[in-house]
Amino acid sequence: MRKEHLITATQLSRADIEAVLDRAAEIDADPSAWAEKYETAVLALCFFEPSTRTKMSFDTAMKRLGGTTTDMGGVESSSVKKGESLADTMRVVEGYADAIVLRHPSEGAAQLASEFVDVPVINAGDGAGQHPSQTLLDLYTIREHTGLDDLSIGIMGDLKYGRTVHSLANALTNFDVRQHFISPESLRLPRSVRFDLHESGAQLREHTELDSVLPELDVLYVTRIQRERFPDESEYRAVAGEYRIDAKTLEDGKSDLAVMHPLPRVDEIAPDVDTLEQAQYFEQAHNGIPVRMALLDELLGGVPQ
Ligand code: CP
């Protein structure tokens with residue numbers, strides 16, 4: 001993966017994933033050892049959609065490696081507002097930075113951007129497509145909590161528009177994982193993702209209810225219904241509020257179940273879950289720092305001497 005772009009989780013082999021996760025664990029154990037490794041490096045943050053975690057954790061990750069960041073700012077305050085194309089923006093920004101983190105509402109935008117620049121492009125979410133750096137921190141969290149083999153995971157909520165789901169499902173095919181997808185019929189995994197999973201030999205089952213599968217799960221990955229992606233607000237309202245869990249729901253799950261969520265949540269995990277041992281979602285978000293430090297190290301240059 002070194003010096004290349006990170007566009008989709010399908011490009012990640014088990015060896016690629018383990019290299020980043022092992023590096024993240026090293027960083028986690030001794031962050032100060034990495035504080036001056038990339039003193040001259042600049043990371044460009046180009047977010048055409050809102051973000052809290054991805055943007056701030058990439059910013060912090062670069063700074064904790066000794067580097068700096070340059071931020072395009074929101075669409076409203078950049079020259080995107082004047083009609084500049086994505087290709088032109090990327091061609092300009094590559095002259096300012098050693099790597100580009102790109103979030104964009106259009107599926108395929110990161111792939112397109114990567115075709116115009118020579119510095120690594122990291123897809124930080126392209127519409128309802130992919131979000132592979134989120135997947136790396138999800139896998140790190142699962143590995144720390146449960147291990148990544150002989151695992152049953154339930155992935156619940158908006159499987160149609162949820163890009164974190166698509167990336168995670170692809171990456172999990174590298175491991176011995178039984179994947180259970182729980183959603184209303186209207187928010188099933190897209191056909192293209194199901195096709196890729198079948199081609200990769202994934203062990204998958206689809207459900208419309210959590211109850212029957214919950215007792216066998218080691219991980220429950222809950223997702224937000226992606227209101228901003230629905231073409232019709234009435235379609236959103238028809239499914240909003242379904243698949244909500246609370247502390248009582250989890251009484252039927254394993255005591256060491258890991259409840260995860262890429263965040264932000266709206267109301268799909270009740271606040272009474274937050275104080276339970278099973279709640280891993282804030283730890284999961286915090287893992288974005290060592291994992292993104294490790295990813296930047298991988299893409300910018302490799303193991304420092
Ligand atoms: N998980 C995630 O992508 O969060 P943000 O939208 O806040 O970056």
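As a basis for the values below, the full set of heavy atoms in this structure was taken, side chains included, without hydrogen atoms, waters or symmetry mates. Each ligand, and each atom within it, is numbered from 1 in the order the structure gives. If you're wondering where the values come from, they're calculated on a predicted model, not measured in any experiment.
- Contacts with ligand 1 closer than 4.0 Å are made by no heavy atom of Thr164, backbone or side chain.
- Salt bridge Arg143/Asp22: present, at least one basic N to carboxylate O contact under 4.0 Å.
- In terms of protein heavy-atom proximity, atom 4 (O) of ligand 1 is nearest to Arg53 NE, 3.0 Å.
- Nearest-residue assignment for atom 1 (N) of ligand 1 (options Pro264, Pro262, Ala124; heavy-atom criterion): Pro262.
- Atoms of ligand 1 lying under 4.0 Å from at least one heavy atom of Thr54, given by number and element, are 2 (C), 3 (O), 4 (O), 5 (P), 8 (O).
- Near Thr52, with a cut-off below 4.0 Å to any heavy atom, the atoms of ligand 1 are 5 (P), 7 (O), 8 (O).
- A salt bridge links Lys55 to Asp71: one of the charged nitrogens lies within less than 4.0 Å of a carboxylate oxygen.
- Of the charged side-chain nitrogens involved, none lies within less than 4.0 Å of a carboxylate oxygen, so that Arg163 and Asp126 do not count as a salt-bridged pair.
- Between Glu185 and Arg188 there is a salt bridge, since a side-chain N of the basic residue sits under 4.0 Å from a carboxylate O of the acidic one.
- Using a cut-off of 4.0 Å between Lys/Arg side-chain N and Asp/Glu carboxylate O, Glu49 and Arg229 are scored as salt-bridged.
- Under a 4.0 angstrom heavy-atom cut-off, Arg103 registers as being in contact with ligand 1.
- Of the N or O atoms in Lys55, none lie within a sub-3.5 Å distance of an N or O in ligand 1.
- If you number the atoms of ligand 1 from 1 as listed, the ones under 4.0 Å from a heavy atom of Leu263 come out as 1 (N), 2 (C), 4 (O).
- Within 6.0 Å of atom CZ in Arg224, more than 12 heavy atoms from other residues, nucleotides or ligands are found, so the atom counts as buried in its surroundings.
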